[in-house]
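The figures that follow rest on heavy atoms only: side chains count, while hydrogens, waters and symmetry mates do not. Quick note on labels: first sequence line is chain A, next is B, and so on, each numbered from 1.
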Amino acid sequence: MPTDILTAASPVAPPPPADGNPLYLVDGSGFIFRAYHALPPLSRPDGTPVNAVMGFTNMLMRLLAELKAEAVAVIFDSKRINFRNEFYPDYKAHRPDPPEDLRPQFALIREAVEAFSLPCIELEGYEADDLIATYARQARALGRPVTIVSSDKDLMQLVGDGIRMLDPMKNRLIGPDEVFEKFGVAPEKVVDVQALAGDSVDNVPGVPGIGVKTAAQLITEYGSLEVLLERAAEIKQAGRRQKLIDNADMARISKRLVQLEENAPVPVPVEALKVREPDVNRLLSWLGVQGFRSIIAKVKAEIAEDGTLADGAAISAAAGTGGGEQGLRDLRAALDGRSYAPPAAAPDAREDAHIPRPATVEYILVDTEEALAAWVAEGLEAGVVALDTETDGLTPMRANLVGISLATRPGRACYIPVAHIDPSTPKDGAGGLDFGDAAPPPRQIQAARALEILRPLLEHPGVLKVGHNIKFDWQMFAKNGIKVDPIDDTMLRSYVIGGGRHGHGMDELAQRHLGITCITYDEVTGTGKARVTFDRVPLDKATSYAAEDADITLRLWHVLRHDVLADRMVTVYETIDRPLIRVVADMEMEGVLVDRQVLRELSSDFAKKMVEFEADIQKLAGREFNVGSPKQLGEILFDEMKLSGSKKSSKTGAWSTDSSVLEELADLGIPIAQKVLDWRQFQKLKSTYTDTLGEQINPVTGRVHTSFALAATSTGRLSSTDPNLQNIPIRTEEGRKIRRAFVAAPGHRIMSVDYSQIELRIVAEMAGIPALQQAFRDGIDIHAMTASQVFNVPLDQMTSEIRRRAKAINFGIIYGISSFGLSRQLGIAPGEAGAFIKAYFERFPELQAYMEKTKAEAREHGFVRTLLGRKCWIPGIQEKGARKAYAERQAINAPIQGTAADIIKRAMIRLPGALADAGLKARMLLQVHDELLFEVPDAEVEATSTLVRAVMEGAADIGIPLVAEAGTGASWAEAH
DNA sequence: CTAGGCACCTA
DNA sequence: GTAGGTGCCTAGG
């Protein structure tokens with residue numbers, strides 16, 4: 001009669017209300033063996049067996065995702081020896097060693113706990129069961145219900161009164177009824193039964209000849225072990241009576257062995273056993289190493305459910321319902337439906353709980369290998385480290401590594417100099433030949449040694465390496481043969497949250513999020529003539545600066561990890577910006593081959609032309625002056641030559657001499673105006689391109705390595721600097737010649753693949769304009785088609801002038817059209833331009849509705865979104881007048897430009913793998929917003945072209961097809 | 001020596 | 001009308 005016994009055994013005092021936060025206590029050690037024996041053998045690609053790890057990880061996922069557990073601890077045995085061995089040395093003495101293919105899994109299971117950011121508890125001298133008992137008792141004292149995740153019978157003594165067990169393998173709950181089924185007594189009496197019956201596996205002696213059945217019968221009859229032993233003489237059966245009398249002490253010892261310790265000095269208070277927000281990067285990275293693909297899918301589904309827009313699949317699915325247009329509207333509606341706090345003035349420092357506030361700050365100089373090894377161990381233990389590199393230059397391909405800083409927890413960081421020299425060392429070329437007088441370099445670890453000691457940390461798949469603009473550091477390490485992985489970037493995290501709202505430099509973010517004013521680079525190295533490279537910065541100063549950078553990066557990571565999640569930007573960050581880091585890093589390091597000779601010849605050509613034009617200009621002006629000075633030119637033209645047609649700038653009061661002014665004059669037949677325009681063209685081409693580009697050729701690689709900024713634009717586009725290779729001339733014949741200098745290595749061709757009309761396609765889909773969508777599906781000339789519709793001209797009567805006007809409007813749409821802007825573009829009156837726009841809106845009414853909706857969205861939220869969910873902040877949208885009108889144009893343009901940027905980024909992420917999978921050796925060299933440039937082996941041109949176009953066209957399903965076109969040649973001029 | 005303005009290159 | 005970057009000139013330290 002289980003119920004009777006249960007009732008009788010209920011505690012006298014009423015149980016405390018079980019309204020607290022449920023606590024889940026996972027018996028990690030017990031689980032390992034159960035899972036190992038229950039699951040078939042399974043191993044990772046590298047051969048490491050992982051069946052128990054897989055079972056364990058799945059169980060954790062269920063606990064977190066299905067049961068939504070908020071308080072979880074995973075508890076392990078510490079060593080084989082514990083306090084029970086003090087009074088019974090043979091306890092668990094006969095346990096065989098774990099099987100060979102289970103041993104490596106112990107450490108992996110602890111890694112799993114870390115990867116899920118769960119508390120991992122063990123205590124020397126105690127078994128997992130004792131810690132579980134202690135926590136269970138403490139949680140009950142707080143009125144919290146407890147679930148013990150285990151099927152170990154030794155834990156059954158704890159069941160009842162708000163404590164239950166969950167068998168993680170069978171997914172079965174164990175309550176008092178199930179315990180009774182097993183032991184024939186209520187949970188409270190289980191220890192007594194075990195004390196009598198003993199346990200051969202754990203080497204608990206018990207009383208010989210008495211098993212569970214007999215023990216339960218005896219305990220039920222006498223009420224408890226003590227009473228039974230006292231009254232053993234009363235037992236009728238002679239053999240049983242004698243055994244009990246002879247083995248009374250053994251039974252008492254056995255009870256002490258099986259009785260769990262409920263007052264263990266647990267290392268973490270019960271209140272602290274909380275489910276922390278998992279670090280998705282670290283978790284996915286760890287799961288990836290184990291090869292747990294199905295679990296990765298589950299985690300990603302959880303993230304998506306968490307609120308972030310899922311990527312391509314969701315876009316396609318949404319676009320698929322109701323034929324694209326409606327689907328996208330649904331998507332937009334879904335996006336619009338989200339509630340966001342209106343943009344407020346950012347406070348100088350925030351006060352949420354996510355901000356780490358270390359009590360002390362330790363910045364340590366590391367100059368011995370032993371000390372560095374200790375920091376590596378600390379980093380491995382931490383699982384997340386922030387790092388920063390100090391160099392003697394700003395362009396990674398030319399800079400040398402000078403030092404490395406590392407932070408292992410907020411407030412604790414070190415600086416490892418590896419190439420510092422004494423500050424008094426003469427600078428190159430400045431101090432003559434007196435190098436012998438220089439002081440010796442300070443004590444430090446050799447760069448190569450330091451890197452080898454750091455390598456296990458930097459390449460460890462279970463340790464996340466965080467950097468602020470980590471692309472730079474990744475390249476510095478890659479140059480030294482270390483592929484840092486996995487990586488995370490606080491600058492890019494900030495960018496996906498606040499792109500267009502504020503800058504993302506570390507100093508600014510430290511001020512904004514942490515209220516900390518960082519030491520500036522200028523303070524450390526000086527400025528101007530006094531500036532020194534970082535290798536000459538004294539080590540104390542260098543340590544303060546560099547260690548702070550790593551520390552601040554780590555602290556920002558904690559804040560921004562939370563913010564990206566809370567802002568539901570995880571998918572954009574994880575599927576676009578973070579994976580792009582390595583792709584762009586590789587692209588930059590690859591560089592592009594530039595023919596210096598071609599540039600020299602062009603420079604010389606351009607110089608000759610400039611001399612000729614300059615002489616003509618001086619002659620026409622009647623005196624010598626600096627043609628390159630707009631101020632002097634304005635004085636010549638409008639004061640001395642008394643020409644009209646210009647206005648004075650309101651800022652400086654100088655005459656405007658820009659190209660539109662000069663073109664008007666040239667059209668009036670004034671020769672000096674055209675000459676100046678021509679001179680300026682060559683001046684620009686020579687100074688910005690042919691002269692400068694040659695200097696940018698890296699002496700080591702012989703190629704030009706631009707730097708792409710990943711967090712510079714408000715729309716999600718990349719930008720390119722040092723040199724900017726996204727603005728190489730193409731429009732004029734003379735300018736286009738510069739592209740002849742961008743060539744392929746011997747045996748290779750340059751291939752350019754660009755999206756055709758991608759932004760107009762995006763407009764057609766986002767605004768839901770059926771006429772435009774159909775035109776794109778039919779593959780007809782979009783400018784001619786809009787011209788025909790807007791100006792009522794049949795396609796077969798289309799003139800180039802009418803098409804030109806329609807094309808200008810089409811571009812105007814993308815830029816957030818205004819009648820003033822269009823009039824200037826077309827050289828017509830604003831009134832006439834306004835009439836064109838009106839006609840366009842009448843033909844495509846969906847467009848006007850879309851624009852109004854977008855502006856309203858920007859006004860309400862302060863930002864707009866791309867199709868893939870990227871936020872583009874529009875500061876100034878709440879203002880009035882011209883500022884507001886400008887912001888409205890930005891609001892209209894940003895989702896269009898930004899969606900195109902997202903799409904090409906996705907293509908870029910997929911391409912290296914797709915090329916490798918196809919066995920193709922093509923290298924991606926440059927991105928120019930809607931174009932990708934490749935260097936392709938001669939024999940692989942056709943296959944590469946087909947593959948790249950397919951990947952680019954398939955990068956997103958926006959409804960209407962995307963079209964990519966490829967061109968190939970010996971140089972960029974021929975390929976485009 | 002630096003910062004701002006101008007001019008002009010790209011998508 | 002959108003989004004960028006660079007070189008040159010010049011004013012103001």
Side-chain angles (χ1 to χ4, degrees), chain A residues 499-500 522 527-531 625-634 649-662 676-677 679-693 696 706-709 712-732 734-736 738-739 754-755 757-760 763 808-826 830 833-834 837 851 864 872 874 882 885-898 900-901 904 926-932 976:
Chain A
D522 289 356
T527 58
K529 212 177 137 193
R531 167 159 282 177
F625 71 103
N626 183 350
V627 185
S629 162
K631 183 167 165 280
Q632 291 181 36
L633 178 65
S649 97
S650 57
K651 275 233 166 74
T652 57
W655 292 105
S656 169
T657 66
D658 68 19
S659 59
S660 69
V661 171
L662 295 183
V676 171
L677 282 168
W679 179 89
R680 277 191 184 162
Q681 183 192 183
F682 289 113
Q683 147 80 18
K684 173 76 178 180
L685 294 177
K686 184 169 183 291
S687 69
T688 310
Y689 300 105
T690 57
D691 285 351
T692 317
L693 225 39
Q696 299 274 2
T706 184
S707 178
F708 287 104
T713 71
S714 57
T715 57
R717 271 191 178 180
L718 305 184
S719 73
S720 159
T721 58
D722 308 309
N724 181 355
L725 295 185
Q726 290 182 319
N727 71 345
I728 302 301
I730 190 167
R731 272 179 54 253
T732 66
E734 291 296 322
R736 205 184 183 114
I738 291 163
R739 296 192 172 214
D754 68 330
Y755 282 112
Q757 305 285 3
I758 188 168
E759 292 189 341
L760 265 186
V763 172
I809 308 176
N810 284 337
F811 273 102
I813 300 301
I814 293 166
Y815 297 151
I817 201 156
S818 78
S819 53
F820 178 75
L822 183 63
S823 72
R824 241 165 46 104
Q825 176 68 30
L826 287 176
I837 296 168
M851 288 185 164
V864 289
C872 306
I874 312 290
Y886 173 57
E888 287 181 343
R889 292 194 294 273
Q890 291 179 305
I892 289 165
N893 172 257
I896 304 165
Q897 188 184 112
I904 196 168
L926 296 176
Q927 187 250 45
V928 193
H929 310 308
D930 67 354
E931 172 191 8
L932 294 173
H976 196 283

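Across all strands, A/R889 comes closer than 4.0 Å only to sugar-phosphate atoms, never to a base (heavy-atom distances). Note on A/G812: a base of the nucleic acid sits closer than 4.0 angstrom, heavy atoms only. Within the 4.0 angstrom heavy-atom criterion, only backbone atoms of the sugar-phosphate kind lie near A/D722; the bases stay farther away. Counting any heavy atom pair closer than 4.0 Å across all strands shown, A/A808 reaches a base atom. Using a 4.0 Å heavy-atom cutoff across all strands shown, A/Q897 reaches at least one base atom of the nucleic acid. Across all strands shown, A/I730 has heavy atoms under 4.0 Å from sugar-phosphate atoms exclusively, and none from any base. Here A/I813 lies out of heavy-atom contact (under 4.0 Å) with every strand. Contact annotation for A/F811: no contact, since no heavy-atom pair falls under 4.0 Å across all strands. The residue A/S819 sits apart from the nucleic acid: no heavy atom pair falls under 4.0 Å. If you check every strand for non-hydrogen atoms under 4.0 Å, A/L822 touches a base. A/S659 comes within 4.0 angstrom of the backbone, heavy atoms only, and of no base.
Atom OH of A/Y689 and atom CG of A/L725 lie 9.5 Å apart (nearest 0.5 Å). Atom NE2 in A/H929 sits 8.5 Å away from atom CG in A/N727 (nearest 0.5 Å). Atoms CG and OG1, on A/N893 and A/T715 in that order, are 7.0 Å from each other to the nearest 0.5 Å. Atom CG in A/D930 sits 11.0 Å away from atom CD in A/Q897 (nearest 0.5 Å). Within the model, atoms CD of A/E734 and NZ of A/K686 stand 14.5 Å from one another, a figure rounded to the nearest 0.5 Å.
A donor-acceptor contact shorter than 3.5 Å is absent between the side chain of A/N810 and the backbone of A/I813. When atom types are taken as modelled, the side chain of A/T713 and the backbone of A/G716 share a donor-acceptor pair closer than 3.5 angstrom. Judged by distance alone, the side chain of A/Q890 and the main-chain N or O of A/I874 form no donor-acceptor pair under 3.5 Å.
Side chain to side chain, A/T732 and A/Q681 meet the donor-acceptor criterion of an N or O pair below 3.5 Å.
What separates CD1 of A/I892 from P of C/dG1 is a distance of 14 Å, to the nearest Å. Regarding A/L685, its CG atom lies at a distance of 11 Å from the P atom of B/dC8, rounded to whole Å. Taking atom CG of residue A/L677 and atom C1' of nucleotide B/dC9, one finds them 15 Å apart after rounding to whole Å. Across the protein-nucleic acid pair, A/L718 atom CG and C/dA3 atom P stand 16 Å apart, rounded to whole Å. Atom CD1 of A/I738 is separated from atom P of B/dT10 by 9 Å (rounded to the nearest Å). Between A/N893 atom CG and B/dA11 atom P the separation is 16 Å, expressed in whole Å. Atom-to-atom, CZ of A/F682 to P of B/dC9 comes out at 11 Å; the value is rounded to the nearest Å. Protein atom CG of A/L725 is 14 Å distant from nucleotide atom C1' of C/dG4, rounded to whole Å.
Of the listed nucleotides (C/dA3, B/dC1, C/dG5), C/dG5 has the atom at the smallest distance from the side chain of A/N727. When distances run from any side-chain atom of A/Y886 to the nucleotides C/dT6, C/dG1, C/dT2, the shortest one goes to C/dT2. Among the nucleotides B/dA11, B/dA7, B/dG5, the one closest to any side-chain atom of A/V928 is B/dA11. Side-chain proximity of A/H976 to B/dA7, B/dA11, C/dG5: nearest is B/dA11. Which of C/dG5, C/dT2, B/dC9 sits closest to the side chain of A/A712 comes down to C/dG5. Checking C/dT2, B/dC9, C/dG4 against every side-chain atom of A/Q890, the shortest atom distance belongs to C/dT2.
A search for side chain to side chain contact (heavy atoms under 4.5 Å, CB included) contacts involving A/L677 returns A/S659, A/L662, A/E663, A/Q674, not counting sequence neighbours.
For B/dC8, the OP1/OP2 oxygens have no side-chain nitrogen or oxygen of A/Q681 closer than 4.0 Å. Under 4.0 angstrom from either OP1 or OP2 of B/dA7 there lies at least one side-chain N or O belonging to A/T657. The phosphate of C/dG4 (OP1 or OP2) has no side-chain N or O of A/Y815 nearer than 4.0 angstrom. Using a 4.0 Å cut-off, no side-chain N or O of A/R717 falls inside it from OP1 or OP2 of B/dA11.
For A/Q726 against B/dT10, a side-chain-to-base donor-acceptor contact under 3.5 Å is absent.
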Q | Chi angles and distances behind the side chain to side chain contact (heavy atoms under 4.5 Å, CB included) call for A/V627, A/F625 | A | CA-CA 6 Å; A/V627 185; A/F625 71 103; 4.2 Å; yes
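The 12-atom threshold is exceeded at CZ of A/R531, counting heavy atoms of other residues, nucleotides or ligands nearer than 6.0 Å.
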Q: Fill in the dot-bracket string of DNA chain C, one character per base: . for unpaired, | for a pair to another strand, ( ) or [ ] for pairs within the strand, taking Watson-Crick or G-U pairs under 3.5 Å.
A: .|||||||||||.
Q | Annotated protein contacts, base or backbone, on nucleotides 7-13 of chain C with a non-hydrogen cut-off under 4.0 Å, one of B, S, - each | A | SSSSS--
